[in-house]
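Below is one structure, written out as structure tokens; comments come after it.
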Amino acid sequence: MTTTAAPTTPRLLPDRVAATRDHVSLRDTISQTMTMAWRATKKMRRNPEQFFDVTLQPILFTAMFAFIFGGAISGDVASYLPLMIPGILAQTALTTSMATGVQLREDMDKGVFDRFKSLPIARIAPLAGPMVADLLRYTIAATITFAMGFLMGYRPGGGVPGVLAGGLLVVIAGWSLAWAFTWVGTVARSAQSVQGISMMIMFPLTFLSNAFVPVETLPDWLAAFVRVNPVSHVVSAVRDLANTATVSAEVGWALLGCAVVVAIFAPLSVRSYQRKM
């Protein structure tokens, strides 16, 4: 008598493909961005020269511009400081954010981002992480600039709240402008070209603004450009906050400009990064 074994139902194994997710959640994106920010912070600790532009530049520029232009523009250095210190803050933030694109291009040339792209992480995390870490550099630059101004006799009428609000606005402006230089870093072919392009962007935005001279002293055609320059709105907003503790319309225009820059260049940076890598 022969018996046949009853067919056994095969045990279903979990579908690994179905278990994977093709979309990274917002919570995971934030976590991965902070991990990349921690990586960038550790790089800064191991390469202290990355802090030279945010430590030495504010000291040199504040002293140089104050003693060269103070007497010619405002009559004396003390009278020139309320006009100049916000301009130095904007210039330092712009220069610091420019370094973001250069460092990004260097990492891409070294093949670091090839590894990042092979990982199941949000595409924006490798770009946004270093920019979050750069918030520390912007804060250091703003603190040293204000400290240098105090040593030279600057006494902001806005007090501590106005100074803190002005410094925070500069940090926000530097972070938002860094997205533009990040996009340059993804489209340029080398770190040297990123630096050259960024300098061509930085100098007109900084020096063709109201950072160091009153708009009323400029020719009409130049004054028209200066009034629409986004850096001019940031400088005017910082002056209102630090010197009088006034939340003026310039503060709103500055924040709006920062939001527009991020809305334009953050998607462009991610898209260019995905095409390049």
Taking [X] for its side chain and [Y] for its backbone only, find out whether a donor-acceptor pair lies under 3.5 Å.
X	Y	answer
T92	L89	no
T62	I59	no
T33	T29	yes
R105	V194	no
Q32	I121	no
S232	V228	no
S209	A211	yes
H233	L256	no
S176	A173	yes

Inter-residue atom distance [X].[atom1] - [Y].[atom2], 0.5 Å rounding:
X	Y	atom1	atom2	answer
L218	L208	CG	CG	9.0 Å
M84	T145	CE	OG1	9.0 Å
L177	T96	CG	OG1	11.0 Å

Do you know the tightest heavy-atom contact between [X] and [Y]?
X	Y	value
I73	P214	CG2-CD, 3.9 Å
S269	W179	OG-O, 3.3 Å
L81	G149	CD1-O, 4.1 Å
M202	T95	SD-OG1, 3.2 Å

* To do: Anything under 30° is parallel, anything over 60° is perpendicular, the rest tilted; go ahead and classify W183 against F265.
  =>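 Aromatic pair W183/F265 classed tilted.
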* Asked: Where does the angle between the aromatic ring planes of F146 and F150 fall among parallel (under 30°), tilted (30 to 60°) and perpendicular (over 60°)?
  ->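 Answer is parallel, since the angle falls under 30°.
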* If you count the non-hydrogen atoms of other residues, nucleotides and ligands that lie under 6.0 Å from CE in M34, is the total more than 12? ->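 Check fails, neighbour count at 12 or below.
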* Would you say the side chains of T100 and D134 form a donor-acceptor pair under 3.5 Å? ->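 Result is yes, a qualifying pair exists.
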* Between T246 and D240, do the side chains contain an N or O donor and an N or O acceptor separated by less than 3.5 Å? ->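 T246 vs D240: no donor-acceptor pair found between side chains.
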* Centroid separation F212 to F69 less than 6.0 Å ->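 Ring centroids of F212 and F69 are no less than 6.0 Å from each other.
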